[in-house]
Amino acid sequence: MTAQLIDGNALSRQLRADVTARVTALKARGITPGLAVILVGENAASQVYVRNKVKACEDTGMHSVLERWPATMTEAALLARVDALNADPTIHGILVQLPLPAHIEAQKVIEAISPAKDVDGFHIASAGALMTGMPGFWPCTPYGCMKMLESIGYELKGKHAVVIGRSNIVGKPMALMLLQQNATVTICHSGTPDLKAMTLQADVIVAAVGKRNVLTADMVRPGAVVIDVGMNRNDEGKLCGDVDFEGVRQVAGWITPVPGGVGPMTITMLMVNTLESAERLVA
Ligand code: NAP
């Protein structure tokens, strides 16, 4: 068996076309959705991420502001910028690119963002809303994974989902979203003694670890859906995921590639969250 691909680029194009249409409709009512992205320091990967986010805003007709600050920026100065953007009526979403320099407490900065503009979904109020099933912003990466499952018409009710990784931005919210759709969910982490014993029971596997080949073909039940969140570099320096793609695709029913899988979906869901933040003003 060779798995079918879940193409994150194609799905993103489709979802971004819908976002663009909704942005146009909102603009006709006098509101242009706006995203502010704050980058502190010179982290090379972060530079690429923020560029892609700003470009996605431009492509969908949204307003965007990119603030670049030196790594020497103080925590107080950053908090002041967040406060100013909280009060700015042209901004509907605020994103502080992580990681921040070591002298700045990231969680403190995230908690300073108004929950109404927390389009990354990292604020404790957003996490609490997801936990309790209340309306709020969902973190973009797991939200994108859910959209990928939805795109193949996958019914999660009654299925066993295994999430590998328990970070606050991917693994834990992913598990909660799957649970909300009535999957039975197992969360694995670095202390899980026999990962293979867990993944072999899974109908759906989400790998969010940050290590190559965490999931190999012998760990996957035939026909399972495999979502690869990981972003790593192989020996040739090329982008790859956590999953041994060539091996696992021989066993799985569906699989997401890296690149071209979860990555573009993350940015797409950021656009969706920003748009929906602005739409709430006229709802
Ligand atoms: P993270 O905070 O480092 O969390 C990694 C998780 O993996 C931790 O919970 C860790 O367990 C677990 N883990 C480590 N080694 C393991 C092992 N051998 N077996 C099972 N679990 C293991 O990373 P993250 O922020 O969640 O990101 C995960 C990956 O996704 C990274 O490659 C990141 O670059 C990528 N990512 C991609 C996107 C995208 O848009 N495509 C977005 C976000 C992140 P402990 O908790 O026990 O330490």
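In listed order, ligands and their atoms are each counted from 1. Note that the structure is predicted; figures quoted are calculated from it, not measured.
Thr141 OG1, 3.2 Å is the protein heavy atom nearest to atom 42 (C) of ligand 1. For atom 19 (N) of ligand 1, the closest non-hydrogen atom on the protein side is His189 O, 3.9 Å. Counting only heavy atoms of the protein, atom 29 (C) of ligand 1 lies nearest to Gly210 N, 3.7 Å. Here the heavy atom of the protein found nearest to atom 15 (N) of ligand 1 is Lys211 NZ, 2.9 Å. Scanning the protein for heavy atoms near atom 8 (C) of ligand 1, the closest one is Arg166 N, 4.0 Å. Atom 39 (C) of ligand 1 has as its closest protein heavy atom Thr266 OG1, 3.7 Å. Of the protein's non-hydrogen atoms, Val229 O, 3.4 Å is the one closest to atom 35 (C) of ligand 1. Residue, atom and distance of the protein heavy atom nearest to atom 22 (C) of ligand 1 are Ser190 N, 3.6 Å.
Under the rule for a salt bridge (charged side-chain N to carboxylate O under 4.0 Å, His left out), Glu42 has no partner lying at least two apart in sequence or in another chain.
Counting atoms of ligand 1 from 1 in the listed order, those under 4.0 Å from a heavy atom of Ile169 are 25 (O). Taking every non-hydrogen atom of Gly263 and a distance limit under 4.0 Å, the qualifying atoms of ligand 1 come out as 40 (O), 41 (N). The Val170 neighbourhood of ligand 1 comprises atoms 26 (O), 43 (C), 44 (C), with distances under 4.0 Å to a heavy atom of that residue. In the vicinity of Ile164, heavy-atom distances shorter than 4.0 Å reach the ligand 1 atoms 20 (C), 21 (N). Residue contact check: Ala208 has heavy atoms under 4.0 Å from atoms 5 (C), 6 (C), 7 (O), 28 (C) of ligand 1.
With rounding to the nearest 0.5 Å, the separation of NE2 in His63 from OG1 in Thr90 is 4.0 Å. Expressed to the nearest 0.5 Å, how far CE of Met174 lies from OH of Tyr143 amounts to 12.0 Å.
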**OP:** Apply side chain to side chain contact (heavy atoms under 4.5 Å, CB included) to Tyr49 and Thr266, showing your working.
**Re:** CA-CA 10 Å; Tyr49 298 150; Thr266 296; over 6 Å; no

**OP:** Please test Asn86 against Val82 for side chain to side chain contact (heavy atoms under 4.5 Å, CB included), starting from the C-alpha separation and ending with a verdict.
**Re:** CA-CA 6 Å; Asn86 280 339; Val82 170; 3.9 Å; yes

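Heavy-atom separations between Gly230 and ligand 1 include at least one value shorter than 4.0 Å. In this structure, Thr192 has no heavy atom closer than 4.0 Å to ligand 1. Assignment of Val214 to the shell around ligand 1 is not supported, since no heavy atom sits closer than 4.0 Å.
With a heavy-atom cut-off of 4.0 Å, Val209 touches ligand 1 through backbone and side chain alike.
Considering backbone and side-chain N/O of Ser167, one or more are found under 3.5 Å from N/O of ligand 1. For a threshold of 3.5 Å applied to N or O pairs, the pair formed by Met231 and ligand 1 contains at least one separation below that value.
With Asn234 contributing its side chain and Cys240 its backbone, the two residues share no donor-acceptor pair below 3.5 Å.
Surrounding CD1 of Ile124 are at most 12 heavy atoms belonging to other residues, nucleotides or ligands under 6.0 Å away. Annotation: Arg29, atom CZ; neighbour count of heavy atoms from other residues, nucleotides and ligands within 6.0 Å does not exceed 12.
At a threshold of 4.0 Å, the pair Glu58-Lys55 does not count as salt-bridged, since none of the basic side-chain nitrogens sits closer than that to a carboxylate oxygen. Ionic pairing of Asp88 and Lys117 is not present here: no N-O contact between side-chain nitrogen and carboxylate oxygen is shorter than 4.0 angstrom.
Checking Thr268 against Arg16 by side-chain atom types alone, a donor-acceptor pair falls below 3.5 Å.
In the hydrophobic clustering of ILVMFWY residues, with side-chain heavy atoms under 4.5 Å counting as a link, Ile152 and Leu11 come out together.
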